[in-house]
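Report on one structure; see the data block that follows.
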Amino acid sequence: MASNSIAKSLQQRPEDENLGIGANLAYGLQHVLTMYGGIIAVPLILGQAAGLSSSEIGLLITASLFAGGLATILQTIGLPFFGCQLPLVQGVSFSGVATMVAISGNGGMESVLGAVMAASLIGLLITPVFSRITRFFPPLVTGIVITTIGLTLMPVAARWAMGGNSNAPGFGSMANIGLAATTLVIVLLLSKVGSATVSRLSILLAMIIGTVLALCLGMTDFSKVGEGAFLALPSLFHFGYPSFQIAAIVSMFIVIMVTLVETSADILAVGEIIETKVDSRRLGDGLRADMLSSLIAPIFGSFTQSAFAQNVGLVAVTGIKSRYVVATGGLVLVTLGLLPVMGRIVAAVPSAVLGGAGIVLFGTVAASGIRTLSKVDYRNNMNLIIVATSIGFGMIPIASPSFYDQFPTWFATIFHSGISSAAIMAIALNLVFNHLTAGNSDQQSVFVAGTERTLRYQDVALLHDGDYFLNGKLYDKNGVEVPIVAPEFHSVVTKRHLGETALPATTS
């Protein structure tokens with residue numbers, strides 16, 4: 001009887017809805033197109049920095065697609081103790097690019113892969129600590145993180161809209177921006193169509209239409225799709241067996257810490273968006289899946305795996321909450337890893353088309369965060385200051401990417417990510433002001449006082465039964481005016497906000 005009730009409750013979770021093979025494939029492909037540019041960026045950058053040949057870089061890309069697909073399936077479908085069973089797409093984490101480039105310059109790809117494996121193993125062992133922090137992620141914190149995720153991704157959308165490659169001759173041209181704008185308009189028009197199916201597929205359909213338009217205008221090239229192998233199995237330890245260097249492992253462990261923070265934020269964010277419960281056990285399962293995937297990925301020639309924030313935005317835009325949709329996207333990624341020709345087809349989608357869709361996707365993430373922050377109580381507390389400081393802190397590396405260049409490497413690695421910066425600041429300030437209440441003043445900051453009308457108890461205690469305010473003046477119950485003396489700022493503010501209508505004032 002108990003098992004039947006548990007099974008029934010599990011079926012009622014919004015993420016457990018199965019839309020069928022056709023819908024799963026369509027929506028899953030939309031997820032793949034959304035994150036494809038991001039998942040191949042890391043192997044491209046690292047391969048070029050390590051001086052690898054084009055064919056070897058191709059192997060890195062194939063390995064990243066394959067490993068990302070396996071990680072996505074593990075995260076969405078899950079195994080005992082592994083996988084949060086939420087619609088989260090996994091892929092190569094961008095937060096470790098700079099660290100891995102530095103490691104490859106000293107010890108080669110073998111050192112990079114060894115550092116990733118060792119640091120991921122340590123991360124796997126410490127996940128129980130991270131899984132018990134859900135009570136420190138109220139809507140105040142998750143709203144800040146979700147908003148920051150959307151804002152920090154906007155530069156990516158802008159670069160895509162300009163053409164993607166800053167060294168290309170047409171980067172920033174009106175042709176690229178015009179194509180991005182056209183794709184954006186198509187997304188909006190399709191979203192307005194009465195058909196729910198068309199509206200939910202608006203991102204995918206807009207990308208297809210935008211790509212066809214780019215092909216007609218000569219802005220994309222499919223001629224290289226037929227070049228190279230059609231089928232290629234992942235090559236195990238193609239770049240040699242991992243080597244383990246203490247300094248490299250320590251540097252990569254800092255990246256793993258950042259990855260754990262970002263993945264925690266993404267798991268909680270998608271849980272908030274699809275309105276499902278995420279407890280410490282579920283968060284721990286998600287983090288363990290992240291670390292296990294990162295531990296296995298170097299075997300195929302890939303790197304640390306984490307949830308892709310842009311796909312969290314896609315979940316918010318489409319309203320498709322099914323984890324089976326994302327799991328199908330994972331199968332598509334695995335297929336792309338086995339069939340390089342399909343990867344080359346997807347790679348032919350112009351960056352400008354991705355940019356037009358990205359504006360909606362990433363903007364929706366920020367809007368979801370703002371919606372979460374609207375649930376926060378800002379009355380007579382420091383929550384507004386926490387929001388302002390945390391988001392502002394998270395925007396520093398976005399507004400000035402070189403801000404942390406002179407800081408110690410470990411510090412720069414952590415705080416160069418706007419998401420990590422905002423998350424750490426939000427958690428710390430929430431602890432200081434809302435959990436460690438000792439020493440908090442009952443007379444809040446002027447910033448807080450300016451956002452809500454507040455009265456101190458000692459001021460209200462001076463009023464008598466029957467007192468009332470009219471046209472900014474205080475009268476007793478007999479209609480006799482009571483003089484108001486305002487030598488202090490607080491009193492002036494209080495008098496200024498008394499209002500122009502009669503307000504009875506009583507005390508008990």
| said: V187 vs S191, test: side chain to side chain contact (heavy atoms under 4.5 Å, CB included). Steps then yes/no. | reply: CA-CA 6 Å; V187 172; S191 299; 4.1 Å; yes
| request: Just do the side chain to side chain contact (heavy atoms under 4.5 Å, CB included) check on K277 and R13 with the steps written out, would you? | output: CA-CA 9 Å; K277 182 181 179 181; R13 300 187 309 182; over 6 Å; no
| side chain to side chain contact (heavy atoms under 4.5 Å, CB included) between V325 and L19: does it pass, once the steps are laid out? | CA-CA 8 Å; V325 164; L19 305 179; 3.9 Å; yes
| N311/V270 under side chain to side chain contact (heavy atoms under 4.5 Å, CB included): CA gap, chis, key distance, verdict | CA-CA 9 Å; N311 292 86; V270 79; over 6 Å; no
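Under the 3.5 Å distance criterion, the side-chain polar atoms of S322 are matched with a main-chain donor or acceptor of E17. Judged by distance alone, the side chain of S294 and the main-chain N or O of Q305 form a donor-acceptor pair under 3.5 Å. Between the side chain of T72 and the backbone N or O of G68 there is at least one donor-acceptor pair closer than 3.5 Å. With hydrogens and angles ignored, the 3.5 Å screen pairs no side-chain donor or acceptor of N430 with any backbone N or O of I427.
The distance from atom CD1 of I320 to atom OH of Y27, rounded to the nearest 0.5 Å, is 4.5 Å. A distance of 9.5 Å separates CG of L124 from CG of L260, quoted to the nearest 0.5 Å. Atom CG of L373 is separated from atom CG of N383 by 9.5 Å, given to the nearest 0.5 angstrom. Between the OG1 atom of T372 and the CG atom of L268 there is a distance of 11.0 Å, given to the nearest 0.5 Å. The CG atom of N24 lies 8.0 Å from the CD1 atom of I21; values are rounded to the nearest 0.5 Å. The CG atom of L295 sits 9.5 Å away from the CD1 atom of I256 when rounded to the nearest 0.5 Å.
By the side chain to side chain donor-acceptor pair (under 3.5 Å) test, D377 pairs with R379, sequence neighbours left out. Every residue was checked against the ring-ring contact (aromatic ring centres under 6.0 Å, His included) condition with F81, not counting sequence neighbours, and none meets it. Qualifying ring-ring contact (aromatic ring centres under 6.0 Å, His included) partners for Y475, counting only residues two or more places apart in sequence or in other chains: Y468. Residues satisfying the salt bridge (charged side-chain N to carboxylate O under 4.0 Å, His left out) test with R282, not counting sequence neighbours, are E15. In this structure F82 satisfies the ring-ring contact (aromatic ring centres under 6.0 Å, His included) test with no other residue, sequence neighbours excluded. Shown here are the side chain to side chain contact (heavy atoms under 4.5 Å, CB included) partners of I186, two or more places apart in sequence or in another chain: T182, L190, A206, I209. Listed by chain and residue number, A180 satisfy the side chain to side chain contact (heavy atoms under 4.5 Å, CB included) test with A161 (two or more places apart in sequence, or in another chain). With sequence neighbours excluded, the residues satisfying side chain to side chain contact (heavy atoms under 4.5 Å, CB included) with T389 are I385, M425, L429. Considering only residues two or more places apart in sequence or on other chains, V482 meets the side chain to side chain contact (heavy atoms under 4.5 Å, CB included) condition with L474, D476. Here K477 pairs with nothing under the salt bridge (charged side-chain N to carboxylate O under 4.0 Å, His left out) rule; sequence neighbours left out.
I398 and P155 get closest at one heavy-atom pair: CG2-CG, 3.6 Å. Between T263 and S306, the shortest heavy-atom contact is OG1-CB, 3.8 Å. Minimum heavy-atom separation, T304 to S120: CG2-OG, 4.4 Å. Residue A426 comes nearest to I144 through the heavy atom pair CB-CD1, 3.8 Å, listed as atom of the first residue, atom of the second, then distance. For the pair G210 and L179, the tightest heavy-atom approach, listed with the atom from each and the gap, is O-CD1, 3.7 Å. When all heavy atoms of L86 and I274 are compared, the closest pair comes out as CD2-CD1, 3.8 Å.
Other residues, nucleotides and ligands contribute over 12 non-hydrogen atoms within 6.0 Å of the CD atom of E481.
Within the 4.5 Å cutoff, the side chain of M291 has heavy atoms near those of the T127 side chain. Residues V332 and L25 meet the side-chain proximity criterion, which asks for heavy atoms closer than 4.5 Å. Contact check for L287 versus S264: side-chain heavy atoms found under the 4.5 Å cut-off. Contact annotation: the side chain of C84 approaches that of L88 to within less than 4.5 Å [non-hydrogen atoms, C-beta and beyond]. Annotation: side chain of L151 is in contact with side chain of M395 (closest heavy-atom distance under 4.5 Å). Two residues are said to be in side-chain contact when any heavy atoms from C-beta on lie closer than 4.5 Å; F403 and P397 fail this criterion.
The salt bridge (charged side-chain N to carboxylate O under 4.0 Å, His left out) pairs that include a residue from residues 307-329 are D16-R323, where partners are two or more places apart or lie in different chains. Judged as a salt bridge (charged side-chain N to carboxylate O under 4.0 Å, His left out), not a single pair has a partner in residues 143-155 (not counting sequence neighbours).
If you check the side chains of D290 and Q90, you find a donor sitting under 3.5 Å from an acceptor. The closest side-chain donor-acceptor pair between N434 and N381, if any, does not fall under 3.5 angstrom.
The aromatic rings of F407 and Y404 sit perpendicular, their planes meeting at an angle over 60°, well past the 30° parallel limit.
Under the 4.0 Å criterion applied to side-chain N and carboxylate O atoms, K375 and E272 are assigned as salt-bridge partners.
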